[in-house]
Amino acid sequence: MPEMPEVETIRRTLTDKVTGRLIADVKLLLPRLVKWPSPEEFRAAVTGSVVTRLDRRGKYLLFHLDNDKVMVVHLRMTGRLYHVAPGAPPDRFTRVVFTLDGGDALLYADSRTLGTLYVLPADELWRISGLATMGPEPLSPEFTPEYFRESLAGRRVTIKGLLLNQKLIGGLGNIYVDEALALAGILPERPAASLTDEEAARLYGAVNAVIAQGIEHGGTTFRDYRDGAGQKGSNQHHLRVYGRKNEACSVCGTPIARSEVAGRGTHYCPHCQH
DNA sequence: CGCTCGGCCTGTGCGC
DNA sequence: TGCGCACAGGCCGAGC
């Protein structure tokens, strides 16, 4: 579910709840979600450790532990990670329970069970290929207009497909790609290399803008997404095209269209985007 | 190497 | 009301 703004919101809302806290117990209700090492080793490594820092890279959350290991969580489509008080009502989709020393807990819930968990020595994070190959993130110093423009050169893939490629830009997903293209006035199926320098500059600014807006509004909740306190985001009220098929474009009134680009449901304004 | 497609899983909402 | 189908915010690996 979550893209960079959602994962960043989870990180921000969870930081104070977990930093400096002892993980007293780990219940793996669905052990196959642990991708590295074995579920037994995962449980042994995490139990009894203290969280020293909570980081994010792209859509990955990184819990640094005081045993020089890092617990890595990727929520994929429907994962949720949130803090609950002692005795809180159970989440129907709870897959992992991290009980903290105060009896409160960090829950990992996931209806489609596509999420992934790992624990690794801090210097072996390269074992997670998606982390090792991730490109620069929007709003980061490495993500420059020049980097973006050069990334488009010679690319025959659609501009939407390129924006979704985590090796080139880390953290974008289906919602924010559609939103950035709408803000920039560019059609999703355009070949990446066909963008002019002016269009590339506009899209660069739009990518940063929609991500910043998503974070500002605490993420986009359509169905499953919740922040680290279990609360919904509000960015769904500020979207231009995503999920608005047949609704009037806020700029020109033309009905928003939906098609498939790069294998994903795609929303755009057929009048404003070229 | 670049790119597309199928697969992974389960739940929900819609049309009939 | 019940049923089948389309669709879902991500990513990896196979194959062209």
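By convention in this document, chain letters (A, B, ...) are assigned in the order of the sequence lines, proteins followed by strands, and residues within each chain are numbered from 1. The figures here come from the full heavy-atom set of this structure, side chains too, leaving out hydrogens, waters and symmetry mates.
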- Item | NZ (A/K35) with more than 12 external heavy atoms under 6.0 Å |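 More than 12 heavy atoms, drawn from other residues, nucleotides or ligands, come within 6.0 Å of this atom.
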- Message: Check this for me: A/D68, atom CG, are more than 12 non-hydrogen atoms of other residues, nucleotides or ligands nearer than 6.0 Å?
- Response: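 No.
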Could you list all N or O pairs between the protein and nucleotides 2-6 of chain B that sit under 3.5 Å apart?
{"from": "B/dC3", "atom 1": "OP1", "to": "A/R156", "atom 2": "N", "distance (Å)": "3.0"}
{"from": "B/dC3", "atom 1": "OP1", "to": "A/V157", "atom 2": "N", "distance (Å)": "3.1"}
{"from": "B/dC3", "atom 1": "OP2", "to": "A/R155", "atom 2": "NH1", "distance (Å)": "2.9"}

- Any residue of residues 120-135 of chain A with a heavy atom less than 4.0 Å from an atom of DNA chain C: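 Residues of residues 120-135 of chain A that come under 4.0 Å of DNA chain C are, in numerical order, A/S129, A/G130.
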- Message: Using side-chain heavy atoms (C-beta onward) and a distance below 4.5 Å, is A/L181 in contact with A/L187?
- Response: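 The answer is no; the side chains never approach within 4.5 Å.
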Lys/Arg-Asp/Glu bridge criterion (N-O < 4.0 Å) met for [X], [Y]:
X: A/D101; Y: A/R21; result: yes
X: A/R11; Y: A/E8; result: yes
X: A/D25; Y: A/K27; result: yes
X: A/R264; Y: A/E260; result: no

Can you check the [X] [atom1] to [N] [atom2] distance for me, whole Å?
X: A/I175; N: C/dA8; atom1: CD1; atom2: P; answer: 11 Å
X: A/L168; N: C/dC11; atom1: CG; atom2: C1'; answer: 15 Å
X: A/K35; N: C/dG13; atom1: NZ; atom2: C1'; answer: 14 Å
X: A/D224; N: C/dC7; atom1: CG; atom2: P; answer: 18 Å
X: A/M77; N: C/dC7; atom1: CE; atom2: P; answer: 13 Å

- Item | Separation between the P atoms of C/dC7 and B/dG6, rounded to whole Å |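 About 14 Å, rounded to a whole number of Å.
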- Among side-chain atoms of A/T78 and A/D110, is any donor-acceptor pair under 3.5 angstrom?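 Side-chain D/A pair, A/T78 to A/D110: present.
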- Option passing side-chain contact (heavy atoms from CB on, under 4.5 Å) with A/K160 (candidates A/L162, A/T158, A/V157):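 For A/K160, the side-chain contact (heavy atoms from CB on, under 4.5 Å) test succeeds with only one of A/L162, A/T158, A/V157, which is A/T158.
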- Message: Taking side-chain contact (heavy atoms from CB on, under 4.5 Å) as the criterion, tell me which of A/I128, A/L131, A/V70 meets it with A/L120.
- Response: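 Output: one option passes, namely A/I128.
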- Enumerate the residue pairs fulfilling ring pair (Phe, Tyr, Trp, His ring centres under 6.0 Å) with a member in residues 63-113 of chain A, sequence neighbours excluded, ordered by first and then second residue.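 Listed by first then second residue: A/Y60-A/H74.
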- Query: What do you reckon, are the aromatic ring centroids of A/Y242 and A/Y176 less than 6.0 Å apart?
  - Reply: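 So the answer is no for these two rings.
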Has [X] got a side-chain N or O lying under 4.0 Å from the OP1 or OP2 atom of [N]?
X: A/R258; N: C/dA8; answer: yes
X: A/Q166; N: C/dC11; answer: yes
X: A/H74; N: C/dC11; answer: yes
X: A/Y176; N: C/dG9; answer: no

- Stems where DNA chain C pairs, listed by first number, each of three or more Watson-Crick or G-U pairs under 3.5 Å: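 Stems found: B:2-8 with C:10-16, B:10-16 with C:2-8.
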- Under the ring-ring contact (aromatic ring centres under 6.0 Å, His included) test, which residues partner A/H217, sequence neighbours left out?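 With neighbours one apart ignored, the set is A/H238.
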- Contact letters for nucleotides 8-13 of chain B, in which S counts primed atoms plus P, OP1 and OP2 and B counts the base, heavy atoms under 4.0 Å: BBBSSS
- Message: In this structure, would A/L28 and A/L117 fall into the same cluster of hydrophobic residues linked by side-chain contacts under 4.5 Å?
- Response: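 They do share one cluster, since a chain of ILVMFWY contacts under 4.5 Å joins A/L28 to A/L117.
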